[in-house]
**Q** 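A single structure is presented below for examination.
Counting starts at 1 for both ligands and their atoms, in listed order.
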Amino acid sequence: MTKEQLIQKAKDARELSYSPYSNFKVGAAVLTKDGKVFLGANIENSAYSMCMCAERNALYHAYMNGYKKEDIAALALCADTEEPCSPCGACRQVISELMLPDAPIYMSNLKGAVKETNAVELLPFAFSPKDLNK
Ligand code: THU
């Protein structure tokens, strides 16, 4: 699967967003090294703190199908933003633990702008299992 195809999957996932409170739809897609794609979208709740982001949903989706960080090739996300949509702080923390440090992350928007990054760039000096001696 190409980078463009993965970004299209994230755009498709965005349509599954349940975001009646923010009206801000986000989609994400995780590509595994064996070619599978797991989607995620942001799912909100009237108890606002229960809201879950697209990126975490996609990563948890992959993990719930038995995939681990070593198996994940890339992550794409997409939203209707001016610049390519950037993961929130909570997602950066989760990405830093559930993806390899240099696996590509494609941030994108509906206009087709794309910026490539990775877990280390998004969250340098991350708190990690090492800090817990794990
Ligand atoms: N959101 C995501 O799904 N991913 C991000 O990286 C940024 C924010 C969601 C959370 C909430 O449902 C909505 O976008 C507005 O913050």
**Q** Side chains of Glu55 and Ile105: closer than 4.5 Å at any heavy-atom pair?
**A**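 Glu55 vs Ile105: side chains apart.
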
**Q** Give me the atom names and distance for the closest heavy-atom approach of Phe24 to Ser17.
**A**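 Reported closest heavy-atom pair: O-OG, 4.3 Å.
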
**Q** Counting non-hydrogen protein atoms only, what is the nearest one to atom 14 (O) of ligand 1? Give residue, atom name and distance.
**A**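 Looking only at protein heavy atoms, the one closest to atom 14 (O) of ligand 1 is Phe24 CD2, 3.3 Å.
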
**Q** So, for Glu70 and Lys33, which heavy atoms are closest and what is the spacing to 0.1 Å?
**A**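 Where Glu70 meets Lys33 most closely, the heavy atoms are O-NZ, 2.7 Å.
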
**Q** Provide the number and element of each atom of ligand 1 under 4.0 Å from a heavy atom of Glu55.
**A**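 Under 4.0 Å from Glu55, ligand 1 has these atoms: 2 (C), 3 (O), 4 (N), 5 (C), 6 (O).
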
**Q** Taking non-hydrogen atoms only, is Ala28 closer than 4.0 angstrom to ligand 1 via side chain, backbone, both or neither?
**A**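 Ala28 to ligand 1: no contact under 4.0 Å from either part.
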
**Q** Among protein heavy atoms, which lies nearest atom 3 (O) of ligand 1, and at what distance?
**A**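 Its nearest protein heavy-atom neighbour is Ala54 N, 3.0 Å.
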
**Q** With a 4.0 Å cut-off on heavy atoms, is Ser19 touching ligand 1?
**A**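 Distance cut 4.0 Å: Ser19 fails for ligand 1.
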
**Q** Check Ala29 against Lys9 and note the closest heavy-atom contact, atom names and distance.
**A**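 Looking at all heavy atoms of both residues, the shortest contact is CB-CB, 3.8 Å.
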
**Q** Please could you name the atoms of ligand 1 that Ser86 approaches to less than 4.0 Å, counting only its heavy atoms?
**A**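 Close to Ser86: 6 (O).
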
**Q** In residues 78-90, what donor-acceptor pairs under 3.5 Å come from side-chain atoms, sequence neighbours left out?
**A**
residue: Thr81; atom: OG1; partner: Glu83; partner atom: O; Å: 2.6
residue: Thr81; atom: OG1; partner: Cys85; partner atom: N; Å: 3.4
residue: Glu82; atom: OE1; partner: Lys111; partner atom: NZ; Å: 3.3
residue: Glu82; atom: OE2; partner: Lys111; partner atom: NZ; Å: 2.6
residue: Ser86; atom: OG; partner: Arg92; partner atom: NH2; Å: 2.6

**Q** Under 4.0 Å from a heavy atom of Pro87: which atoms of ligand 1 are those, numbered in the order shown and with their elements?
**A**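 Listed by number with element: 6 (O).
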
**Q** So, for atom 16 (O) of ligand 1, does the protein have a heavy atom nearer than 4.0 Å?
**A**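 Within 4.0 Å: no protein heavy atom nearby.
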
**Q** Checking a contact table here: which protein heavy atom is nearest atom 11 (C) of ligand 1, and how many Å away?
**A**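 Here the nearest protein heavy atom works out to Glu44 OE2, 3.2 Å.
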
**Q** Which of the numbered atoms in ligand 1 are below 4.0 angstrom from a heavy atom of Ser22?
**A**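 It comes down to these atoms of ligand 1: 13 (C), 15 (C).
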
**Q** Between ligand 1 and Cys85, can you find any atom pair, the residue atom being a heavy atom, that is separated by under 4.0 Å?
**A**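 False for this residue.
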
**Q** A side-chain contact here means heavy atoms from C-beta on lying under 4.5 Å apart; do Val37 and Leu6 qualify?
**A**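 Yes, their side chains come closer than 4.5 Å.
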
**Q** Backbone, side chain, both or neither: what part of Cys53 comes under 4.0 angstrom of ligand 1, heavy atoms only?
**A**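 The part of Cys53 near ligand 1 is both the backbone and the side chain.
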
**Q** Could you tell me how the ring of Phe38 sits relative to the ring of Tyr67: parallel (under 30°), tilted (30 to 60°) or perpendicular (over 60°)?
**A**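 Tilted, since the angle between the ring planes falls between 30° and 60°.
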
**Q** Do Thr32 and Asp71 pair up side chain to side chain, a donor and an acceptor below 3.5 Å, judged on atom types alone?
**A**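 Short answer, no.
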
**Q** So, for Leu75 and Ala28, which heavy atoms are closest and what is the spacing to 0.1 Å?
**A**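 Nearest heavy atoms, Leu75 then Ala28: CD1-CB, 4.2 Å.
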
**Q** Any idea which atoms of ligand 1 are less than 4.0 Å away from a heavy-atom of Cys88?
**A**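 Contacts of ligand 1 toward Cys88, numbered from 1: 6 (O).
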
**Q** Looking at atom 9 (C) of ligand 1, what's its closest protein heavy atom, distance included?
**A**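 Of the protein heavy atoms, Asn42 ND2, 3.6 Å lies nearest.
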
